[in-house]
Enquirer: 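Let me give you the structure first, and then I'll get to my questions.
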Amino acid sequence: MKTERVSRAVLLAGAGAVLAGAVALFATDGLVGPGRDGPRPVPAAAGQAVRAAGAGARASLPVLHALIGDREKWLRAHPRDEASWAVLGAAYVERGTREGDPAAFPRAERALRRSLAVYPAAKGNADAQLGLGALANARGDFAAARRWGEAVRERSPRRWEAYAVLVDAYRGLGDHVSAGRAADRLGALRPGSTALSRAAQVYRDRGWREDASATAAEAVARADTPAERAACLQRLGDLAWERGEPAEAAARHAAALDLVPRHGPALAGRARALAALGRTEEAVRGYRAALEAQPLPEYALEAGELLQALGRRDEAREQYARLRELAEEEAAHGVNASLVPARFEADHADPEAAVTWLRAEWRRGHRSVEVADALGWALYRAGRAREALPFARRATERGLRSALFSYHRGMIERELGMAGAARRRLSEALRVHPEFSPLFAPRAREALAALGEPPLRAPRGR
């Protein structure tokens with residue numbers, strides 16, 4: 001199943017945008033001027049990271065690692081260099097997100113807090129605040145990310161990185177009006193692939209599919225580095241998948257992998273598309289590669305459901321066990337890891353636990369369509385279809401066209417005896433994407449067949 005939520009690939013770009021702003025302060029012809037200690041030479045690979053980030057792009061993982069190593073070494077000798085602490089913290093956030101390594105997030109927080117301790121926010125340390133905003137987004141704490149981003153925006157309204165943080169935060173909270181305004185401002189201040197990628201996501205959320213695809217394609221053309229171009233191609237592939245075009249999605253993800261062979265989101269996206277195209281063994285191998293490159297719970301869930309659909313239940317259970325392990329590791333490092341485990345519990349284990357987790361998310365103000373859909377579905381699976389329907393309606397009436405969301409609402413309406421409405425929603429799910437899930441698309445077809453044709457009505461007066 002394609003897990004519907006704020007894309008980790010886009011949150012990853014948020015960390016990269018903040019890193020871009022932090023190291024752009026230092027980019028001077030291959031030199032880095034760290035804080036108050038003056039410029040110093042950096043190794044060539046770290047210099048590549050500086051130059052890429054100064055352009056608003058993302059660097060490759062090897063040069064990102066080089067930048068981290070360089071800053072760590074520098075800070076051992078210059079512990080009061082607040083700017084380098086901010087760079088190091090932002091780089092940890094990006095590395096942790098891109099590698100699926102939540103252990104990097106506590107290190108990021110320590111570095112960013114250290115930067116604020118040396119040079120407080122009240123005196124103008126925007127870089128550390130932006131880093132903490134990107135970290136909060138990466139951890140799924142969108143309310144905290146909003147606070148950090150808005151604090152920088154109020155003090156420095158032309159800091160474009162603040163708007164990158166805010167777009168992601170507002171989307172996570174379900175505030176799409178504010179997300180659109182922030183995306184517009186980001187585009188005005190910093191035209192390029194970072195702004196275009198976010199604009200494409202905002203258009204997607206509003207259901208403007210053609211605008212989203214055109215903007216995402218422009219982001220590919222404007223990308224400044226191979227890593228950035230791969231990320232843009234991957235997002236273009238995700239949009240093709242959501243439109244029900246798995247062959248195009250597979251091609252876009254393959255193009256991304258030509259540039260960055262271990263790109264986790266592209267590996268998972270290609271596996272998802274291959275499964276829909278009937279190339280299931282390739283898909284299984286693709287999910288294994290995705291989990292090796294970026295071990296995320298959502299990839300384990302998708303892999304498990306594919307294996308379950310293929311009748312390979314023991315292997316599916318292994319993936320579900322891995323999902324729980326990965327989610328527990330994320331939670332141990334401060335990541336809000338409730339949405340994907342809640343989807344798993346609702347469909348495969350304990351729907352009541354899923355309801356508890358998702359109600360807590362709703363109370364925290366995380367009211368995106370992804371959370372609304374997941375909560376509605378968990379309530380339905382827990383036997384409370386009437387409570388579920390308002391959440392399912394919210395998920396399907398806010399612009400985003402999702403085959404999964406339509407399937408969920410159709411099943412809820414079927415349970416409530418709303419045959420006509422259920423028939424429309426299940427038909428819509430299969431029209432938007434006939435193979436939206438190897439496990440649930442066949443169930444949608446079965447449910448639709450069981451509903452039968454709508455009854456014929458005799459003309460009035462006869």
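All values reported here derive from a predicted model rather than from experimental measurement.
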Enquirer: Picking from E109, E330, H333, what satisfies side chain to side chain donor-acceptor pair (under 3.5 Å) with R139?
Expert: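 Exactly one option meets the side chain to side chain donor-acceptor pair (under 3.5 Å) with R139, and it is E109.
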Enquirer: Do any N or O atoms from the side chain of R229 and from the backbone of V220 form a donor-acceptor pair under 3.5 angstrom?
Expert: yes
Enquirer: Keeping Q129 on the side-chain end and N125 on the backbone end, is there a donor-acceptor pair under 3.5 Å?
Expert: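 Confirmed, Q129 side chain pairs with N125 backbone.
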Enquirer: Heavy atoms only: give me the nearest A349-P351 pair and the separation to one decimal.
Expert: O-CD, 3.5 Å
Enquirer: When you check the gap from the basic side-chain N to the acidic O, do R324 and E345 get nearer than 4.0 Å?
Expert: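 Judged by the 4.0 Å cut-off on N to carboxylate O distance, R324 and E345 do form a salt bridge.
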Enquirer: Any salt bridge between R398 and D205, counting N to O under 4.0 Å?
Expert: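 No salt bridge links R398 with D205.
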Enquirer: Would E435 and R445 satisfy salt bridge (charged side-chain N to carboxylate O under 4.0 Å, His left out), going step by step from the backbone distance to the final call?
Expert: CA-CA 10 Å; E435 302 297 336; R445 286 189 281 270; 3.7 Å; yes
Enquirer: Ignoring hydrogens, what is the shortest heavy-atom contact between A230 and A256? Give both atom names and the distance.
Expert: O-CB, 3.4 Å
Enquirer: Using only atom types and a distance under 3.5 Å, with no angle test, would you say the side chain of S156 pairs donor to acceptor with the backbone of R159?
Expert: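 No: the side chain of S156 does not pair with the backbone of R159.
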Enquirer: To the nearest 0.5 angstrom, please state how far the CG atom of L166 sits from the CZ atom of R198.
Expert: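 One gets 10.5 Å once the value is rounded to the nearest 0.5 Å.
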Enquirer: In sequence, state the C-alpha distance, the side-chain angles, and the governing distance for H176 and V202, and then conclude on side-chain contact (heavy atoms from CB on, under 4.5 Å).
Expert: CA-CA 7 Å; H176 298 303; V202 169; over 6 Å; no
Enquirer: Looking at residues at least two apart in the chain, or sitting in another chain, which of them share a ring pair (Phe, Tyr, Trp, His ring centres under 6.0 Å) with F105?
Expert: none
Enquirer: Apply salt bridge (charged side-chain N to carboxylate O under 4.0 Å, His left out) to R262 and list each qualifying residue two or more places apart in sequence or on a separate chain.
Expert: E292
Enquirer: Take L448 and S427, measure what side-chain contact (heavy atoms from CB on, under 4.5 Å) needs, and give me the verdict at the end.
Expert: CA-CA 7 Å; L448 188 59; S427 297; 3.6 Å; yes
Enquirer: Should L233 and L257 count as side-chain neighbours, where that means a heavy-atom distance under 4.5 Å?
Expert: no
Enquirer: Can you tell me if Y163 uses its side chain to pair, donor with acceptor, with the backbone of P157 under 3.5 Å?
Expert: yes
Enquirer: Which heavy atom in A309 sits nearest to a heavy atom in P438, and how many Å separate them?
Expert: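 Looking at all heavy atoms of both residues, the closest pair is CB-O, 3.4 Å.
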Enquirer: Taking all atoms of both residues into account, what is the closest heavy-atom pair of V152 and A162, and its distance?
Expert: CG1-CB, 4.0 Å
Enquirer: I'd like to know if E446 and R443 make a salt bridge, using a cut-off of under 4.0 Å between side-chain N and carboxylate O.
Expert: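 A salt bridge is absent here (no side-chain N lies under 4.0 Å from a carboxylate O).
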Enquirer: Taking it one step at a time, do L274 and T280 satisfy side-chain contact (heavy atoms from CB on, under 4.5 Å)?
Expert: CA-CA 6 Å; L274 291 174; T280 53; over 6 Å; no
Enquirer: I'd like to know if the side chain of Q294 and the backbone of T97 have a donor-acceptor N/O pair within less than 3.5 Å.
Expert: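 Confirmed, Q294 side chain pairs with T97 backbone.
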Enquirer: Decide yes or no for L326 and L296: does some side-chain heavy atom of the first lie under 4.5 Å from some side-chain heavy atom of the second?
Expert: no
Enquirer: Distance-only criterion, 3.5 Å: show the donor-acceptor pairs between side-chain atoms of residues 142-151 and protein atoms not counting sequence neighbours.
Expert:
from	atom 1	to	atom 2	distance (Å)
E150	OE2	Y170	OH	2.7

Enquirer: Look at the side chain of T396 and the backbone N and O of R393, then say whether any donor-acceptor pair between them is shorter than 3.5 Å.
Expert: yes
Enquirer: Hey, are D238 and R272 close enough for a salt bridge, meaning a charged N less than 4.0 Å from a carboxylate O?
Expert: yes
Enquirer: Compute whether any side-chain donor of one residue and acceptor of the other, for S197 and R235, lie under 3.5 angstrom apart.
Expert: yes
Enquirer: I'd like to know if the side chain of T194 reaches the main chain of R190, judged simply by a donor and an acceptor atom lying under 3.5 Å from each other, with no hydrogens or angles considered.
Expert: no
Enquirer: I want to know whether W241 and H253 have ring centres closer than 6.0 Å.
Expert: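 That pair fails the under 6.0 Å test.
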Enquirer: Nearest 0.5 Å, please: how far is CZ in R288 from CD in E315?
Expert: 6.0 Å
Enquirer: Under 4.0 Å between a side-chain nitrogen and a carboxylate oxygen: does that hold for E428 and R424?
Expert: no
Enquirer: Roughly how far, to the nearest 0.5 Å, is OG of S60 from NE2 of H65?
Expert: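 Separation between the atoms: 9.0 Å.
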Enquirer: Within the 4.5 Å heavy-atom criterion, are Q308 and H348 side-chain neighbours or not?
Expert: yes
Enquirer: For the side chain of R381 and the backbone of D347, is there at least one donor-acceptor N/O pair under 3.5 Å apart?
Expert: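 Yes; at least one donor-acceptor contact below 3.5 Å.
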Enquirer: Using only atom types and a distance under 3.5 Å, with no angle test, would you say the side chain of S437 pairs donor to acceptor with the backbone of L439?
Expert: yes
Enquirer: Would a distance-only check, ignoring hydrogens and angles, find a side-chain to backbone donor-acceptor pair under 3.5 Å from H263 to A266?
Expert: yes
Enquirer: At what distance, to the nearest 0.5 angstrom, does CH2 of W377 lie from CG of L404?
Expert: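 If I round to the nearest 0.5 Å, the distance is 8.5 Å.
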Enquirer: Assess whether side-chain contact (heavy atoms from CB on, under 4.5 Å) is satisfied between L339 and L358, documenting all intermediate values.
Expert: CA-CA 7 Å; L339 186 56; L358 292 165; 3.8 Å; yes
Enquirer: Using 30° and 60° as the class boundaries, would you call the ring planes of W362 and F391 parallel, tilted or perpendicular?
Expert: perpendicular
Enquirer: For residues V432 and E242, report the shortest heavy-atom separation together with the two atoms involved.
Expert: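 Closest heavy-atom pair between V432 and E242: CG1-O, 3.7 Å.
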Enquirer: Would you call D175-R367 a salt bridge at under 4.0 Å N-O?
Expert: no
Enquirer: Are N336 and E361 close enough that a side-chain donor and a side-chain acceptor fall under 3.5 Å?
Expert: yes
Enquirer: Between R185 and R158, is there a side-chain heavy-atom distance shorter than 4.5 Å?
Expert: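 The answer is yes, as the side chains (C-beta and beyond) meet within the 4.5 Å cut-off.
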Enquirer: Taking all non-hydrogen atoms of both residues into account, name the closest pair between R206 and G180 and its distance.
Expert: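 Taking R206 first and G180 second, the nearest heavy atoms are NH2-CA, 3.5 Å.
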Enquirer: When you compare the side chain of L239 with that of R204, does any pair of heavy atoms fall below 4.5 Å?
Expert: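 Yes - at least one pair of side-chain heavy atoms lies under 4.5 Å apart.
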Enquirer: Under a 4.0 Å threshold between the charged nitrogen and the carboxylate oxygen, would R322 count as salt-bridged to E325?
Expert: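 Here E325 does not pair with R322 in a salt bridge, since their nearest N and O are not under 4.0 Å apart.
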Enquirer: For the rings on Y287 and Y299, is their centre-to-centre separation under 6.0 Å?
Expert: no
Enquirer: State, with a plain yes or no, whether a side-chain heavy atom of L430 is found less than 4.5 Å away from one of Y407.
Expert: no
Enquirer: Going by the rule salt bridge (charged side-chain N to carboxylate O under 4.0 Å, His left out), which residues pair with R409 if we only count those two or more places apart in sequence or in a different chain?
Expert: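 Only E397, E413 meet the salt bridge (charged side-chain N to carboxylate O under 4.0 Å, His left out) criterion with R409.
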Enquirer: To the closest 0.5 Å, what do you measure between CD (E72) and OG (S84)?
Expert: 11.5 Å
Enquirer: What's the spacing between L173 CG and R364 CZ if we round to 0.5 Å?
Expert: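 Rounded to the nearest 0.5 Å, the CG-CZ separation comes to 9.5 Å.
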Enquirer: Using a strict threshold of under 4.0 Å (side-chain N to carboxylate O), is an ion pair present between D373 and R343?
Expert: yes
Enquirer: Would you call R95 and R107 a side-chain contact if the rule is heavy atoms closer than 4.5 Å?
Expert: yes
Enquirer: Heavy-atom distance under 4.5 Å between the side chains of L116 and L132, does that happen here?
Expert: yes
Enquirer: According to ring pair (Phe, Tyr, Trp, His ring centres under 6.0 Å), does anything in residues 199-220 pair up with another residue at least two apart or in another chain? List the pairs.
Expert: Y203-W208
Enquirer: Looking at residues at least two apart in the chain, or sitting in another chain, which of them share a salt bridge (charged side-chain N to carboxylate O under 4.0 Å, His left out) with E282?
Expert: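 With sequence neighbours excluded, E282 shows a salt bridge (charged side-chain N to carboxylate O under 4.0 Å, His left out) to R279, given in chain and number order.
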Enquirer: For residues R243 and S213, is any side-chain donor paired with an opposing acceptor at under 3.5 Å?
Expert: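 Judged by distance alone, the side chains do pair up.
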